[in-house]
> 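Here's a structure for you.
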Amino acid sequence: MGLRIYNTLTRQKEPFDPLTPGQVKMYVCGPTVYDLCHIGNARSVVVFDVVARYLRQRGYQVTYVRNFTDVDDKIINRANRMKMTPDALANRYIDEFYTDMDTLNVERATLEPRATDHIDQMCRFIERLIEKNLAYEVDGDVYFAVENFRDYGKLSGRRLDDMAAGARVDVDKRKRNPFDFSLWKSAKPGEPSWESPWGRGRPGWHIECSVMSSELLGETFDIHGGGKDLIFPHHENEIAQSEGATGRTFARYWMHNGYVNINREKMSKSLGNFTFTRDLLARYHPETLRLFLLSNQYRSPIDFSDQNLAQAEIGLEKVYALLKRIDDVLRPVPRPEKISTGEYFGRFCKAMDDDFNTARGIGILFDGVRHANKWMDNARESLSPETVSLLQTVRNDMLKMGEILGILTILPALFFEQKRSRSLAAVEIDADRIDQLVRQRTKARAEKDWDAADRIRDQLDEMGVTVEDRPGGAVWKVSRNKIDTEQA
RNA sequence: GGCGGCAUAGCCAAGUGGUAAGGCAGCGGUCUGCAAAACCGCUAUUCUCCGGUUCGAAUCCGGAUGCCGCCUCCA
């Protein structure tokens with residue numbers, strides 16, 4: 001069976017069948033650049049990064065568009081407060097966005113348009129809507145007339161009549177229907193503005209996505225994504241604008257990721273219960289964050305907590321430890337020219353085919369970890385050619401899964417080096433001193449002076465260091481308890 | 001008020017008709033001078049509750065309870 005995607009529009013999983021065979025055109029709503037992004041924003045970006053990676057892995061040629069909303073009330077307000085121009089503020093937060101997303105190993109989209117680069121096209125689009133009687137101008141403002149678009153509400157599953165009853169909507173007397181939304185806003189003093197057929201002003205929020213997507217992907221394209229909170233009104237309004245203007249299907253598959261919750265509540269800027277991605281990156285390995293964000297199916301909510309992050313980090317270390325073990329064991333063995341994928345990658349792809357089920361896929365990754373460890377435990381002294389081949393294949397499988405999930409991208413040895421230096425920085429331990437103690441203990445053990453050896457181990461333990469006596473010699477690491485205590 | 005989602009072990013989490021993946025934590029074992037790491041075994045006769053459909057349901061239908069989301073900017 002092929003790839004299936006849950007389509008918000010039909011509320012069911014559908015076989016994925018792109019408009020043009022072999023090609024996927026996908027548009028995802030990007031950030032409004034007025035502040036640093038929090039972990040909830042990052043989830044959406046990471047989820048669709050994985051979607052694009054998997055589609056490419058599956059052989060599709062993917063054109064992925066992710067926009068920057070760089071003109072908006074929040075940007076203007078913040079810029080005023082910070083005594084900056086809105087443009088400078090937007091530029092700054094685009095840079096900050098890239099800083100965080102690059103650290104998170106998010107690939108750049110194929111095209112990353114900015115709203116303010118498409119003002120002329122927006123004006124032309126709005127004119128089309130006015131011609132079709134789907135929009136009207138009042139005193140330099142232009143509104144979309146929701147009542148004139150028959151399908152209004154089809155994505156979010158609501159009807160105008162139902163909504164009107166309990167909704168808190170502004171009572172703008174100039175609107176024909178309270179749910180009519182701005183396509184163009186006339187300029188107020190001190191705001192950025194552009195020339196238009198209706199006088200100086202700036203675009204409404206929803207129009208940019210309709211315009212830039214059709215401009216860059218065509219009037220009809222395959223996948224449109226974003227967070228669940230964009231279903232209404234944003235995506236509903238995009239459909240109204242685009243299908244109203246063109247008379248054609250806008251996006252064919254609508255994908256929406258669930259929220260990051262904190263204490264079972266949605267994380268959001270307005271609730272003030274958010275954590276910046278950057279602050280988390282200071283405390284956890286970037287791949288820990290990715291693993292955490294991908295450990296639930298993308299449509300489900302995911303609960304943010306230090307316990308869950310810590311669990312993800314332990315899991316990530318387990319995989320890297322296994323990869324390092326394989327590397328060590330396989331070092332003397334010549335690497336084959338080409339390694340075909342094996343059982344685990346096959347199962348992983350099956351999981352991903354089912355609406356990008358990364359949670360199931362990660363389970364399969366761990367399954368492979370356990371089995372590979374077992375093979376090596378059983379092998380003891382010498383490796384059979386069969387075991388070598390199994391290990392080569394499973395390592396290859398894991399690295400391929402890692403490519404799609406955006407993890408396991410560095411050499412295991414380097415990963416543990418990074419981890420060690422982060423840990424040492426966190427607990428302020430002197431590595432030389434530890435090395436010295438470990439050498440003393442090794443000497444004591446060689447002399448079978450177990451009392452002395454254990455005394456040194458206790459001393460290290462006190463310092464928050466755990467020693468492991470491995471076949472190749474003793475190694476040490478900073479114990480988790482110590483780190484957690486220091487950070488609490 | 002309208003619309004929608006979720007409820008699986010101590011915790012996180014897969015599983016959409018065929019008899020409960022995976023991870024974390026815990027306990028027992030193998031290994032080890034003792035540990036650590038790794039592996040093995042144990043830990044949900046059962047999937048919030050009550051009915052119904054079916055040879056068979058965590059999975060479908062009806063109802064109850066609880067939690068959450070959208071309807072206003074929000075990923």
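Protein chains get the first letters and strands the later ones, always in sequence-line order, with residue 1 at the start of each.
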> Show your reasoning for whether ring pair (Phe, Tyr, Trp, His ring centres under 6.0 Å) applies to A:F97 and A:F68.
CA-CA 10 Å; A:F97 176 82; A:F68 285 111; 5.5 Å; yes
> Would you mind building the protein contact string for nucleotides 3-12 of chain B? One character per nucleotide, 5' to 3', B for base within reach (heavy atoms under 4.0 Å), S for sugar-phosphate only, - for untouched.
S-------SB
> Of the listed nucleotides (B:C73, B:A14, B:G69), which one gets closest to any side-chain atom of A:K74?
B:C73
> Considering every strand and a 4.0 Å limit on heavy-atom distances, what is the contact class for A:H234: base, sugar-phosphate, or nothing?
nothing
> Describe the nucleic acid contact of A:G258 in one word from base, sugar-phosphate, nothing, applying a heavy-atom distance below 4.0 Å.
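Touches a base.
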> Classify the side-chain pair A:H206/A:Q241 by whether it contains a donor and acceptor separated by less than 3.5 Å.
no
> Within the structure shown, what part of the strands sits under 4.0 Å from A:V260 by heavy-atom distance: base, sugar-phosphate, or nothing?
base
> Report the distance from atom CD of A:E313 to atom C1' of B:G23, rounded to the nearest whole Å.
15 Å
> Which part of the nucleic acid does A:D367 contact within heavy-atom distance under 4.0 Å: base, sugar-phosphate only, or nothing?
sugar-phosphate
> Among the candidates B:C71, B:A75, B:G33, find the nucleotide nearest to the side-chain atoms of A:N257.
B:A75
> Checking A:E287 against A:Y320: is there a side-chain donor and acceptor pair closer than 3.5 Å?
yes
> Classify the side chain of A:D161 and the base of B:G2 as holding, or not holding, a donor-acceptor pair under 3.5 Å.
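There is none.
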> For nucleotides 35-44 of chain B, read 5' to 3', which letter fits each nucleotide if B means a protein heavy atom sits under 4.0 Å from the base, S means only the sugar-phosphate is that close, and - means neither?
BBSBSS----
> Which part of the nucleic acid, if any, lies within reach of A:D72 when heavy atoms closer than 4.0 Å are counted: base, sugar-phosphate only, or nothing?
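The answer is nothing, as A:D72 stays clear of every strand by at least 4.0 Å.
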> According to the interplanar angle, ranging from 0 to 90°, do the rings of A:W254 and A:H235 count as parallel (below 30°), tilted (30 to 60°) or perpendicular (above 60°)?
tilted
> Which of these nucleotides, B:G33, B:A75, B:U16, is closest to any side-chain atom of A:Y259?
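Minimum distance to the A:Y259 side chain belongs to B:A75.
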